[in-house]
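Structure first, commentary second.
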Amino acid sequence: MAVLSELLKEISYECVCGTTEREITDVIYDSRKVTEGSLFVCIPGAKADGHRFAADAVRAGAAALLVEHEVELPEGADVAVIRVADVRYAFAFLSAAYFGHPAKQMKIIGITGTKGKTTTTYLVKSILEQAGRKVGLIGTIEIIIGETHIHAENTTPQSYLVQKYFRMMADAGCDTVVMEVSSQGLMLYRTQGFVFDFGIFTNLEPDHIGENEHKDFADYLHCKSLLFRQCKVGIVNADDAHWQEVTAGCTCQLETYGIDTEADLRAVDITFLNEGGSLGMAFATKGLTELSVKTASPGKFSVYNALTAIAICRHFGVDGKKIQKALAAAKVKGRTEMVKVSDDFTLMIDYAHNAMALKSLLETLRAYNPHRLVCLFGCGGNRAKARRYEMGEVSGRMADLTIITSDNPRSEEPQAIIDDIKIGMAETDGSYVEICDRKEAIAYAIDHGEPGDIIVLAGKGHEDYQEINGVKYPMDERVLIQEILEERA
């Protein structure tokens with residue numbers, strides 16, 4: 001329960017109807033969930049405009065509306081109508097006030113970039129917990145509050161949910177939050193209403209450009225840059241060609257990290273590790289912190305992720321040995337996640353589900369000089385066919401054997417998707433087999449594994465379901481692998 005005027009303290013607004021001196025029982029942005037005495041936020045969305053449901057919300061008992069243009073009201077409606085320049089922007093500040101500004105009770109770390117956000121959040125959480133801090137996490141896979149894990153719908157949730165999770169974290173005793181900050185989240189003001197203690201930029205490549213996303217690369221870059229006008233300390237990858245554009249006009253103190261440039265924190269003496277079927281990296285750091293480090297995941301990008309985490313965690317005074325221990329053990333579900341099936345070859349699960357990500361992954365694994373590089377993947381239904389051709393061509397050129405299978409066919413025929421992938425494969429001389437059933441495909445990969453092979457199951461990553469005709473069926477590749485091994489035993 002809160003007084004409307006108190007919720008509006010940090011917002012420029014006009015009260016065009018009713019009074020702000022009334023009690024608000026809840027804040028709602030889905031008209032179907034309006035309750036007696038609540039404030040209904042009329043969000044203009046890509047598919048539906050909340051302003052259209054204002055009258056329905058009032059009839060359902062809403063005591064106030066947050067709008068950015070005129071709305072139709074039922075005759076004789078007793079409702080406060082608050083008009084603002086931008087509903088999404090105002091909603092973020094209102095949500096922060098509604099939950100009592102929980103961000104002020106914790107250190108907030110926000111990580112943005114095209115790649116590396118998810119892994120880095122888990123690395124930071126692992127390191128800081130080694131140092132005795134209690135860390136909440138908001139990201140692509142899940143929200144973690146103590147022992148509670150909540151499935152994530154968006155990389156960066158709606159501003160109301162961000163503040164709700166912050167409140168739950170503060171109440172659970174968290175002193176730190178690490179969160180992924182997407183360009184969409186920044187563009188739609190989901191992270192307004194508070195200041196980040198640390199804002200981190202990992203890298204930038206063309207992505208999320210198209211209908212209902214960013215109109216072009218310049219817009220994508222601009223949205224990433226917004227984080228550095230909303231944080232106290234900015235930590236950026238100086239090896240990325242765009243870092244100076246991303247931080248132009250920033251209002252924060254800046255630090256850099258990198259491998260190839262004279263950054264404030266650098267990784268040197270980088271070594272690829274292949275120990276008993278497990279791939280990793282070793283390196284040392286120079287500059288702001290000097291350490292020798294091993295990671296439990298492969299490739300140069302793993303060095304960047306670990307370096308990013310070190311750059312953040314040094315601000316928390318974490319002991320070097322605790323950083324080393326956390327990085328050596330940290331694993332992220334579905335991100336170059338190794339699953340032990342044999343001492344002879346390596347099997348891993350990864351989320352790479354577009355051509356850019358698959359190319360980066362296969363290039364990384366090539367650096368380990370495998371006997372064969374085997375790539376198993378499918379493509380999602382009801383998505384651009386170009387992605388299928390591109391992924392087929394990438395795997396055909398870079399893998400020694402491709403196993404084409406099913407992913408989330410959604411409402412398409414799995415075989416039709418496989419046929420599209422084969423169009424891309426036909427542009428190459430790559431060898432492939434097609435096995436529509438994903439479990440059978442994984443069994444084939446395991447049964448035909450040769451000494452020194454690296455086998456990657458790409459596309460599903462952390463997902464634990466397969467979507468067919470609008471229904472999500474349980475399907476976790478870790479479970480499938482275990483079933484296959486038990487059947488073979």
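This one's a predicted model, so the numbers in the text were calculated from it and none came from an experiment.
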**OP:** Going by the side chain to side chain contact (heavy atoms under 4.5 Å, CB included) test, name the single residue among I144, V177, I109 that passes it with L137.
**Re:** I144

**OP:** Starting from the C-alpha separation in whole Å, work towards a yes-or-no answer on ring-ring contact (aromatic ring centres under 6.0 Å, His included) for Y29 and Y160.
**Re:** CA-CA 9 Å; Y29 53 99; Y160 176 89; 5.8 Å; yes

Subject >> Output field: ring centroids Y189/F91 closer than 6.0 Å >> reply: no

Original post:
Around atom NZ of K331, are there more than 12 heavy atoms of other residues, nucleotides or ligands at under 6.0 Å?
Top reply: no

Subject >> Ionic contact status for E129 with R133, cut-off 4.0 Å >> reply: no

Subject >> Distance in Å, K460 NZ paired with T405 OG1, rounded so as to fall on 0.5 Å steps >> reply: 10.5 Å

**OP:** State whether E487 and K439 are salt-bridged, where the test is any N-O pair (Lys NZ or Arg NE/NH1/NH2 against Asp/Glu carboxylate O) under 4.0 Å.
**Re:** yes

Original post:
Do NZ/NE/NH1/NH2 and the carboxylate oxygens of K385 and D420 come within less than 4.0 Å?
Top reply: yes

Subject >> Under 3.5 Å: donor-acceptor pair, side chain of T121, backbone of M179 >> reply: no

Subject >> Side-chain donor/acceptor of N154 to backbone N/O of T156, under 3.5 Å >> reply: no

Subject >> Carboxylate-amine/guanidinium contact K321 D319, below 4.0 Å >> reply: no

**OP:** With side chain to side chain contact (heavy atoms under 4.5 Å, CB included) as the test, would you mind laying out the steps for R388 and I423 before giving the verdict?
**Re:** CA-CA 8 Å; R388 303 168 193 176; I423 291 171; over 6 Å; no

**OP:** Walk me through it: do I259 and V303 pass the test side chain to side chain contact (heavy atoms under 4.5 Å, CB included)?
**Re:** CA-CA 9 Å; I259 297 172; V303 177; 3.9 Å; yes

**OP:** Specify the closest pair of heavy atoms between L227 and G110, including all atoms of both residues, with the distance to one decimal.
**Re:** CD2-O, 3.7 Å

**OP:** For the pair K294 and F283, evaluate side chain to side chain contact (heavy atoms under 4.5 Å, CB included) and give the outcome as yes or no after the intermediate values.
**Re:** CA-CA 7 Å; K294 284 187 177 182; F283 65 95; over 6 Å; no

Original post:
Atom CZ in R438, atom CE in M475: separation rounded to 0.5 Å?
Top reply: 5.5 Å

Subject >> Check: K224 side chain, G113 main-chain N or O, donor-acceptor pair, under 3.5 Å >> reply: yes

Subject >> Value rounded to 0.5 Å, distance of CG in D171 from CZ in F99 >> reply: 10.5 Å

Original post:
In terms of side-chain heavy atoms, does T118 have a donor or acceptor partner in E180 at a distance below 3.5 Å?
Top reply: yes

**OP:** For D240 and L204, indicate whether the former's side chain and the latter's backbone hold a donor-acceptor pair under 3.5 Å.
**Re:** yes

**OP:** Please check if the side chain of D239 supplies one atom and the backbone of D260 the other of a donor-acceptor pair under 3.5 Å.
**Re:** yes

**OP:** Locate the shortest heavy-atom distance separating G299 from Y368; write the atom from each residue and the value.
**Re:** N-OH, 3.2 Å

**OP:** Evaluate whether atom CD of E450 has more than 12 neighbouring non-hydrogen atoms of other residues, nucleotides or ligands under 6.0 angstrom away.
**Re:** yes

Original post:
Is the backbone of H222 close enough, under 3.5 Å, to the side chain of S225 for a donor and an acceptor to pair up by distance?
Top reply: yes

Subject >> G139 versus A152, closest heavy-atom pair with distance >> reply: O-CB, 3.1 Å

**OP:** Could you list the residues that satisfy side chain to side chain donor-acceptor pair (under 3.5 Å) with S297, not counting sequence neighbours?
**Re:** S302

Original post:
Centroid-to-centroid, F53 to F40, below 6.0 Å?
Top reply: no

Original post:
Taking C-beta and beyond as the side chain, do V87 and V41 meet within less than 4.5 Å on heavy atoms?
Top reply: yes

**OP:** Would you tell me whether N382 and S411 have side-chain atoms, one donor and one acceptor, within less than 3.5 Å of each other?
**Re:** yes

Subject >> Pairwise distance CD1(I310) to CD1(I127) - rounded to 0.5 angstrom >> reply: 6.5 Å

Original post:
Per the side chain to side chain contact (heavy atoms under 4.5 Å, CB included) rule, which among L273, T295, I454 passes with L279?
Top reply: I454

**OP:** Please round to the nearest 0.5 Å and tell me the distance separating atom OH of Y444 and atom CD1 of I484.
**Re:** 14.0 Å

Original post:
Can you find a pair of side-chain heavy atoms, one from C436 and one from I418, that are under 4.5 Å apart?
Top reply: yes

Original post:
Is it true that the side chains of T202 and Y304 contain a donor and an acceptor less than 3.5 Å apart?
Top reply: no

Original post:
Any side-chain donor paired with an acceptor under 3.5 Å for T308 and T120?
Top reply: no

Subject >> Note: E412-R383 ion pair, threshold 4.0 Å (strictly below) >> reply: no

Subject >> CA sep, side-chain torsions, deciding dist, call: N408, E463, side-chain hydrogen bond (donor to acceptor under 3.5 Å, both in side chains) >> reply: CA-CA 10 Å; N408 291 320; E463 291 181 354; 3.2 Å; yes

Subject >> Heavy-atom donor-acceptor pair, N203 side chain to K115 backbone, under 3.5 Å >> reply: yes

**OP:** Sort out for me which residue in T176, I145, T148 forms a side chain to side chain contact (heavy atoms under 4.5 Å, CB included) with M169.
**Re:** I145

**OP:** For the residue pair D56 and S31, confirm or rule out a side-chain donor-acceptor distance under 3.5 Å.
**Re:** no

**OP:** In sequence, state the C-alpha distance, the side-chain angles, and the governing distance for T346 and I455, and then conclude on side chain to side chain contact (heavy atoms under 4.5 Å, CB included).
**Re:** CA-CA 6 Å; T346 302; I455 302 168; over 6 Å; no

Subject >> Where S406 and Q466 come nearest, the two heavy atoms and their spacing >> reply: OG-NE2, 3.6 Å

Original post:
Any donor and acceptor pair, going by atom type alone, linking the side chain of N354 with main-chain N or O of A357 inside 3.5 Å?
Top reply: yes

Original post:
Counting only heavy atoms not in K33, do more than 12 sit closer than 6.0 Å to its NZ atom?
Top reply: no

Original post:
Are the side chains of L221 and V246 in touch, meaning some heavy atoms are under 4.5 Å apart?
Top reply: yes

Original post:
What distance separates R387 CZ from L358 CG, expressed to the nearest 0.5 Å?
Top reply: 11.5 Å

Subject >> Electrostatic pair R488-D447, nearest N-O below 4.0 angstrom >> reply: yes

**OP:** Measure the acute angle between the ring planes of F316 and F198, then classify it against the limits of 30° and 60° as parallel, tilted or perpendicular.
**Re:** tilted

Original post:
Where do F301 and T364 come nearest, in terms of heavy atoms and distance?
Top reply: CE2-OG1, 3.2 Å

Original post:
Going by an N to O cut-off under 4.0 Å, is there a salt bridge joining R410 and E467?
Top reply: yes

Original post:
At their closest point, which heavy atom of I481 faces which heavy atom of V341, and how far apart are they?
Top reply: CG2-CG1, 3.6 Å

Original post:
Within the distance-only criterion (no hydrogens, no angle test), does the side chain of R366 pair as donor or acceptor with the backbone N or O of A399 below 3.5 angstrom?
Top reply: no

Original post:
Are the side chain of T247 and the backbone N or O of W243 linked by a donor-acceptor pair below 3.5 Å?
Top reply: yes

Subject >> Result of checking K333, R335, E142 against H462 for side chain to side chain donor-acceptor pair (under 3.5 Å) >> reply: R335

Original post:
Salt bridge or not for E337 and R478, using N-O below 4.0 Å?
Top reply: yes

Subject >> K286 and D269 ion-paired at < 4.0 Å >> reply: no

